[in-house]
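Small disclaimer: the values here were computed from a predicted structure and weren't measured. Each chain gets a letter, A, B and so on, in the order its sequence line appears, and its residues count up from 1.
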Amino acid sequence: MNYPDLILHIDCNSFYVSCLSSFDPSLIGKAVVVLSNNDGNVIARSALAKAMGIKMGVPFFKVKHLVKKGKLIWFSSNYELFGDMSNRVMNVLRRFSDQVEIYSIDEAFVGMQGYSNVNYMQLAHQIQQTIYRCTRIPVTVGIGPTRTLAKLANKMAKKDPDLYGICKLDSWEQISTTLQEMEVGDLWGIGRRYEETLHEYGIKTACQLISCPDEWIKNRLTIVGLRMIHELRGERRFRLSNLPKASKSVMVAPSFGQPITDLSIIEEALATHIARATEKIRRQSLAANLVTVVIHTNHFRIEEPQHHASQTVSLPYPSNSVSEITHYATSLLRILYKKGYSYRKVGVLLSGLTPDTQCQTQLLVAEPDVRIRKVTDMIDRINLKHGQDTIRFANQGFRNKVWYSKQERKSKCYTTRVQDILQVS
DNA sequence: TCTGGGGTCCTAGGACCC
DNA sequence: TCTGGGGTCCTAGGACCC
């Protein structure tokens, strides 16, 4: 196996927790967790919290007793802070290469094609140090001939403390030793269902899986799984792309802070979610052709009557306007809503996204109103400057509504809000 | 008492057309 | 009486990811 260039995979350690300890160093070395929206589940854990056996995704109430005993510190999510810290990390990476593909909020791939005489171990070390110096976020680096192998290397870097957070897999001997030791369920792309299926066939290790015939793999794991296996064998199947991908759909569907039965309150929540969703697509200069509304009761409360429903409407022309989309979505909601149920969430999904410069209008259908666009632009600018929902539509209701998600311990927006920045310094 | 949210891609099957 | 086949598009559902 001989590659002119390798791929690096950079992964932030306990990213959300690290973002918080970056501004509150007293958290370092403690058991800290960050919770999902509505303070429902654990979605990030410090090293100590992991060592205490707190699993990813566990409902918070199951570990709350540790908080009472003073053994665990918790925070609500703060995506404004996490998103901004993520941008900072990615910007540091761009100093090292022009091939940076952002994979998720806390992960990126870096390509070095065209750079000569790269010393990868040294580069990984520099990346680690620079990111830490600039953001106080610790990262691990995996290096390999393909994206999948770089990701695998990163897993090893996290597992083995002797590697100090950097692992390079570039010879077939190293790769094959690693694959022999790795359980099939630990592979990227093998989830619980696929793991079960593979176990039924007696396939336990990654090494066994890559030895299976392509046809067999494709039949069971689809073309997606087969591509991953090719990459594990060292064949490149993915190109890095440093261009941000345009969204194909945008969903906003947070749970209510408490069960809601009243249609008018649900309408208000929906209008607010639509304000969030349309902001997101406007920021990408997109417009939606399809609007889906979903409504759910709490499926964990099996003793209560359940109602889950969704419906989609095709818009007469692509739109990213709150008022237009709310108009259609509210009609859908009124069809879906049934009296007498305790609802847990309402959500909106915008799909069939197209660039809003190319909004095609159908024949015999009214043109989008340019005045709406102008008003929306102005509202966006004011809200950007003065804070979300400073100006909002009346159907979004007033602030501090009963349906708001719980967020009892939200950290400050240390990097993006003037008042929070001033309090820190 | 308290159980997340937001995405992507693939496949199978049905509708429809010629 | 015998009753095709291929292509496309759409949708629902299932799998995965972080």
Side-chain angles (χ1 to χ4, degrees), chain A residues 9-16 33-45 55-65 67-68 74 76-79 82-83 86 102-109 147-148 151 154-155 184-198 217-228 237-238 244-259 273 276-277 280-281 284 289-290 292 294 296-304 308-312 314 342 344-353 405-408:
Chain A
H9 175 251
I10 288 84
D11 192 327
C12 301
N13 297 353
S14 308
F15 181 59
Y16 297 164
V33 293
V34 175
L35 306 183
S36 60
N37 266 5
N38 226 15
D39 295 340
N41 299 59
V42 171
I43 54 167
R45 307 155 295 157
K55 299 274 182 239
M56 185 69 173
V58 72
F60 181 50
F61 70 82
K62 291 193 176 172
V63 294
K64 219 169 182 173
H65 61 278
V67 175
K68 288 194 185 118
W74 68 279
S76 305
S77 285
N78 181 347
Y79 287 102
F82 304 155
S86 174
I102 298 172
Y103 178 71
S104 74
I105 196 164
D106 69 335
E107 280 177 56
F109 292 98
R147 284 194 348 166
T148 311
K151 181 109 174 156
N154 204 318
K155 194 153 220 167
V184 87
D186 284 341
L187 286 172
W188 191 27
I190 304 293
R192 200 171 47 85
R193 287 312 194 100
Y194 284 167
E195 184 183 20
E196 275 171 23
T197 308
L198 293 170
I217 295 167
K218 194 183 164 198
N219 285 339
R220 279 151 194 91
L221 310 181
T222 79
I223 190 76
V224 180
L226 183 59
R227 275 201 290 258
M228 184 266 293
R237 287 290 179 272
F238 302 104
K245 283 197 199 100
S247 301
K248 302 198 164 168
S249 65
V250 164
M251 187 164 191
V252 176
S255 319
F256 302 136
Q258 54 182 281
H273 300 345
R276 294 293 84 73
K280 284 190 197 181
I281 64 171
Q284 297 182 64
N289 280 287
L290 299 169
T292 304
V294 299
H296 281 247
T297 48
N298 187 345
H299 61 278
F300 287 106
R301 298 208 178 157
I302 41 174
E303 70 285 359
E304 289 183 7
H308 293 197
S310 74
Q311 208 157 37
T312 303
S314 186
S342 281
R344 164 98 179 140
K345 77 159 69 170
V346 65
V348 63
L349 171 71
L350 304 180
S351 58
L353 300 179
S405 282
K406 273 189 289 188
Q407 284 211 310
E408 287 174 12

Would you say a side-chain N or O of A/T222 is under 4.0 Å from OP1 or OP2 of C/dA15? no

Roughly how many Å is it from CZ in A/R193 to P in B/dT11, rounded to a whole number? 18 Å

Gap between atoms OH and P, on A/Y79 and C/dC18 respectively (whole Å): 14 Å

Testing the 3.5 Å rule here: is there a donor-acceptor pair between the side chains of A/S247 and A/Q284? yes

Would you mind telling me which of B/dG6, B/dT3, B/dC10 lies closest to the side-chain atoms of A/V224? B/dC10

Atom pair distance, as rounded to whole Å: NZ in A/K155 and C1' in C/dC17: 12 Å

Taking B/dG4 as the reference, what is the distance to C/dC17 when you measure between their C1' atoms (whole Å, please)? 15 Å

B/dG4, C/dC18, B/dG7: which one has an atom nearest the side-chain heavy atoms of A/E107? C/dC18

Look only at the side chain of A/K280 and the backbone of A/V252, and say whether a donor-acceptor pair between them is shorter than 3.5 Å. no

Measure CZ/A/R276 against P/B/dG4 and give the value in whole Å, please. 21 Å

Identify whether any heavy atom of A/L221 sits under 4.0 Å from a base atom; if not, whether one sits that close to sugar-phosphate; answer base, sugar-phosphate or nothing. nothing

Using OP1 and OP2 only, check whether a side-chain N or O of A/K55 sits under 4.0 Å from B/dT3. no

Can you see if the side chain of A/K218 gets near the phosphate of B/dC10 - specifically, an N or O under 4.0 Å from OP1 or OP2? no

Please find the pair of heavy atoms, one from A/E408 and one from A/K406, that lie closest to each other, and give the distance. OE2-CD, 3.7 Å

What nucleic acid atoms does A/F300 come within less than 4.0 Å of, heavy atoms only: base, sugar-phosphate, or nothing? base

Per A/V250 side chain, nearest of listed nucleotides C/dC16, B/dG7, B/dG6: B/dG7

Base, sugar-phosphate, or nothing: which does A/R220 touch, judged by heavy atoms less than 4.0 Å apart? nothing

Euclidean distance, atom CG of residue A/N219 to atom C1' of B/dT11 [Å, nearest integer]: 12 Å

Rounded interatomic separation in angstrom, taking CD1 from A/I43 and C1' from B/dG4: 7 Å

According to the Watson-Crick and G-U wobble definitions, with both distances under 3.5 Å, which nucleotide is paired to B/dC17? C/dG6

Distance, rounded to the nearest Å, where A/E303 contributes CD and B/dT3 contributes P: 12 Å

So, is A/R227 close to the B/dC9 phosphate, meaning a side-chain N or O under 4.0 Å from OP1 or OP2? no

Under 4.0 angstrom, heavy atoms only, what part of the nucleic acid is A/D39 near: base, sugar-phosphate, or nothing? nothing

Choosing from B/dG7, B/dT3, B/dC10, which nucleotide comes nearest the side chain of A/K280? B/dG7

Under 3.5 Å donor-acceptor, A/S77 side chain and A/Y79 backbone: no

Nucleotide B/dC10, atom P - distance to NZ of A/K248 in whole Å: 9 Å

Heavy atoms only, 4.0 Å cut-off, all strands: where does A/L187 land among base, sugar-phosphate and nothing? sugar-phosphate

Distance only, no hydrogens: is a donor on one side chain within 3.5 Å (strictly under) of an acceptor on the other, for A/D106 and A/S104? yes

Report the residue (A/L349 or A/N298) whose heavy-atom-nearest nucleotide on DNA chain B is the more 5′ of the two. A/N298

Tell me whether the OP1 or OP2 atom of B/dG5 has a side-chain N or O from A/S255 closer than 4.0 Å. yes

Which comes earlier along DNA chain B counting from the 5' end, the contact point of A/K345 or that of A/P259, where each point is its nearest nucleotide? A/P259

Is any side-chain heavy atom of A/F256 less than 4.5 Å from a side-chain heavy atom of A/V346? yes

